[in-house]
Amino acid sequence: MTQKELLESLLSEIKHIKTHMPNGKLKQMQEDMQDMKEDISDLKYTLLNPENGVIVNSNKNTEYRLELQENEKEFRDRMAEIQAIKKWKDGVNKALWIIFGSLVAIIIRMFLMHSDKL
């Protein structure tokens with residue numbers, strides 16, 4: 001089939017649809033098509049909105065995730081430092097308890113020795 005024949009057959013089909021389909025159904029189809037067009041426009045706006053569209057938010061999320069991955073080594077190093085500081089603090093706490101306990105024992109011993117002399 002040539003293009004002319006295709007166009008003529010298409011035109012005859014359109015005429016057939018126009019003559020045999022009630023006008024109300026054509027209008028209903030046209031309204032439905034308009035509603036679909038509006039819905040598609042809303043979806044397009046939701047997806048492509050440059051301020052808070054789905055694609056923009058997805059890109060922001062990806063950037064944030066990549067930034068976290070880049071900083072992961074630094075985060076792990078700092079956590080290791082914090083753990084080392086906690087261990088050091090625990091050791092200092094134990095040493096202070098020993099020192100204070102010894103100091104209290106020495107003071108009590110001194111009082112007892114002083115009370116014996118009286």
(request) Take Asp35 and Glu38 through the test side chain to side chain contact (heavy atoms under 4.5 Å, CB included) and record every step on the way to the result. (result) CA-CA 5 Å; Asp35 290 343; Glu38 290 173 4; 4.2 Å; yes
(message) I need the minimum non-hydrogen distance between Glu51 and Lys60, along with the two atoms involved.
(response) O-NZ, 3.9 Å
(message) Starting from Tyr64 and following side-chain heavy-atom contacts under 4.5 Å between hydrophobic residues (I, L, V, M, F, W, Y), which residues can be reached?
(response) Leu68
(message) I'd like to check Thr46 versus Val54 (side-chain heavy atoms, cut-off strictly below 4.5 Å). Are they in contact?
(response) yes
(message) So that I can tick it off, tell me whether Asp77 and Lys73 are bridged by a salt bridge, with the cut-off set at under 4.0 angstrom between side-chain N and carboxylate O.
(response) yes
(message) Could you list the cluster mates of Leu96? Members are the ILVMFWY residues connected by side-chain heavy atoms closer than 4.5 Å, either directly or through other members.
(response) Trp88, Val92, Phe100
(message) Rounded to the nearest 0.5 Å, what separates atom CD in Gln30 from atom NZ in Lys37?
(response) 11.0 Å
(request) Could you tell me the separation between the CD1 atom of Ile107 and the OG atom of Ser102, rounded to the nearest 0.5 Å? (result) 11.0 Å
(request) Supply the atom-to-atom distance Met36 CE to Met29 CE, rounded to the nearest 0.5 angstrom. (result) 10.0 Å
(request) State, to 0.1 Å, how close Asn52 and Asn57 come at their nearest heavy-atom pair, and which atoms those are. (result) O-ND2, 3.4 Å
(message) Let me confirm one number: the OG-CD distance from Ser58 to Glu63, rounded to the nearest 0.5 Å.
(response) 10.0 Å
(message) Run the side-chain hydrogen bond (donor to acceptor under 3.5 Å, both in side chains) test against Arg76 and tell me which residues pass, sequence neighbours left out.
(response) Glu72
(message) Please say yes or no: joined through hydrophobic side-chain contacts below 4.5 Å, possibly via intermediate residues, are Leu103 and Phe111 part of one cluster?
(response) yes
(message) I'd like to check Thr62 versus Arg65 (side-chain heavy atoms, cut-off strictly below 4.5 Å). Are they in contact?
(response) yes
(request) Locate the shortest heavy-atom distance separating Asn49 from Val56; write the atom from each residue and the value. (result) O-CG2, 3.4 Å
(request) Examine the side chains of Asp90 and Asn93 and answer whether a donor and an acceptor come within less than 3.5 Å of each other. (result) no
(message) Using the side-chain hydrogen bond (donor to acceptor under 3.5 Å, both in side chains) criterion, which residues pair with Glu13? Sequence neighbours excluded.
(response) none
(request) Considering only Ile, Leu, Val, Met, Phe, Trp and Tyr, and joining two whenever side-chain heavy atoms are under 4.5 Å apart, list the other residues clustered with Leu112. (result) Val104, Ile108
(request) Each residue besides Ile40 in its hydrophobic cluster should be listed here, by chain and number; the cluster joins Ile, Leu, Val, Met, Phe, Trp and Tyr at side-chain heavy-atom distances under 4.5 Å. (result) none
